[in-house]
Novice: 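Pasting in a structure now, in structure tokens, and then I'll have a few things to ask.
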Protein chains: 2
Amino acid sequence: MPTRTGARARTTYFPRLAAERPDIALCRASTAVARAAEAAAEQHGLGVGHHLVLKMLAAVGPCSQQVLSEELRIDRSVMVGIADELEKAGYVRRERDAQDRRAYAVTITTPGRRALTRAEKGVPAFLDQTFAALDPAERDQLTALLGKLLATDSTATD
Amino acid sequence: MPTRTGARARTTYFPRLAAERPDIALCRASTAVARAAEAAAEQHGLGVGHHLVLKMLAAVGPCSQQVLSEELRIDRSVMVGIADELEKAGYVRRERDAQDRRAYAVTITTPGRRALTRAEKGVPAFLDQTFAALDPAERDQLTALLGKLLATDSTATD
DNA sequence: CGTCAATTGTTTGACAGCAGACGATCGCCA
DNA sequence: TGGCGATCGTCTGCTGTCAAACAATTGACG
């Protein structure tokens, strides 16, 4: 026992803490998950934010950056960079909205749809690996609980 | 209804996304929770990290910064600052470990215990408010699920 | 028509977090 | 004894995020 003498009692304090402070557990879990997600996403050349923007555009049609920000819970300032990069990659078009010339109408392009399809392909494997500790029923439970939590989160100030 | 014309159809896309991507739901929920926790914690002059360090010291006795880092999932670099501030506030003592002069033996002081007691007092109210969307049973479910997730997280590389 | 608050997209500055490198120290081994 | 890899605490630089300020535009109201 050269390294790690008895002093390093592997305190195992954390489980106790996690049980007592769901907020801490939530944050710690999310950082690990977020890191894994970003790594998995960038294998396709898209960050998580880019992926989500494409996904939402494909699902609901052209949007302003503002709507994208609010729905995806991504800051407006950050959305600027994401839109810039997506446009530069040719995955979206940015045109001024005719009805409201302040806003852009961000539209997904055909290459964008292809990139989205490619990125989506990796998602199930990533989820299976990241949530391997939970069986399908538990995963559904977690999703439902988080959904409840988010439905009343502080961003819903209106 | 001057503002918010009909064009803002309140897409309500997010719930669908959250149901499909538990990783995103986790991250979004955690940022909201983390912000609230930090705000609540700093009412007592302690950040969340400071609070956790005091809590762990009170629970398991003197520790090295390394052990504190690992158990609390706080980076070593960040722990330096936390320990500095706690020491300056008189809440912990930092002495060199006699057995291993590289490491500190961080010990909580009596003022530190008082500060901890004060900070702990606010926790139940904060949790009740932050997890108001969940009844006690659901809160326990969430805690259990997160515990499972964290037990096998990537930091457990050993 | 002119004014004014509100909204959209953007830029800027501040700040937290992390990776990497460093000196000091430890344990091990020749 | 001396050397060598590993560990602890620290510092530095980078990245990503957020708050605040800004110009352009809109809609409402006098």
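Per chain, numbering begins at 1; letters A, B, ... match sequence-line order.
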Novice: Per the side chain to side chain donor-acceptor pair (under 3.5 Å) rule, what does the pair list look like for residues 32-45 of chain A, sequence neighbours excluded?
Specialist: none
Novice: State whether the distance check finds a donor on one side and an acceptor on the other, under 3.5 Å, for side chain A:Arg101 versus base D:dT25.
Specialist: no
Novice: Hey, is the main chain of B:Tyr104 close enough, under 3.5 Å, to the side chain of B:Arg94 for a donor-acceptor pair?
Specialist: no
Novice: Measure the distance from CG on B:Leu72 to P on C:dC18 and round it to the nearest whole Å.
Specialist: 13 Å
Novice: Please identify each residue that fulfils side-chain contact (heavy atoms from CB on, under 4.5 Å) with B:Pro62, with sequence neighbours left out.
Specialist: B:Thr107
Novice: Nearest whole Å is fine: how far is C:dT25 P from B:Arg96 CZ?
Specialist: 8 Å
Novice: Want to settle it: does A:Ala105 or A:Thr31 sit nearer the 5' end of DNA chain C, counting the closest nucleotide to each?
Specialist: A:Ala105
Novice: D:dG9 P sits how many Å from B:Leu86 CG, rounded?
Specialist: 14 Å
Novice: By nearest atom, which of the nucleotides D:dA6, C:dT10, D:dG9 is closest to the B:Arg102 side chain?
Specialist: D:dA6
Novice: Rounded to whole Å, how long is the line connecting atom CZ of A:Arg94 with atom P of C:dG9?
Specialist: 9 Å
Novice: For each nucleotide in nucleotides 11-17 of chain C, reading 5' to 3', give B when a protein heavy atom comes within less than 4.0 Å of its base, S when such contact involves only the sugar-phosphate, and - otherwise.
Specialist: B-----S
Novice: Among A:Met79, A:Arg76, A:Glu71, which one satisfies side chain to side chain contact (heavy atoms under 4.5 Å, CB included) with A:Gln66?
Specialist: A:Arg76
Novice: Given atom CG of A:Leu68 and atom P of C:dG9, what is their separation to the nearest angstrom?
Specialist: 9 Å
Novice: Counting only side-chain nitrogens and oxygens, does A:Gln66 get under 4.0 Å of the OP1 or OP2 atom of C:dT8?
Specialist: yes
Novice: Check for a donor-acceptor pair, side chain of B:Thr31 on one end and backbone N or O of B:Arg28 on the other, with a separation under 3.5 Å.
Specialist: yes
Novice: How about CZ on B:Arg101, more than 12 heavy atoms from neighbouring residues, nucleotides or ligands closer than 6.0 Å, or not?
Specialist: no
Novice: At what distance, to the nearest 0.5 angstrom, does CG of A:Leu116 lie from CG of A:Leu57?
Specialist: 9.5 Å
Novice: Between D:dT25 atom P and A:Asp100 atom CG, what is the distance in whole Å?
Specialist: 11 Å
Novice: Taking atom C1' of C:dT7 as reference, at what distance in whole Å does atom CD of A:Gln99 sit?
Specialist: 16 Å
Novice: Please report the distance, rounded to the nearest Å, between CD1 in A:Ile82 and P in D:dG16.
Specialist: 11 Å
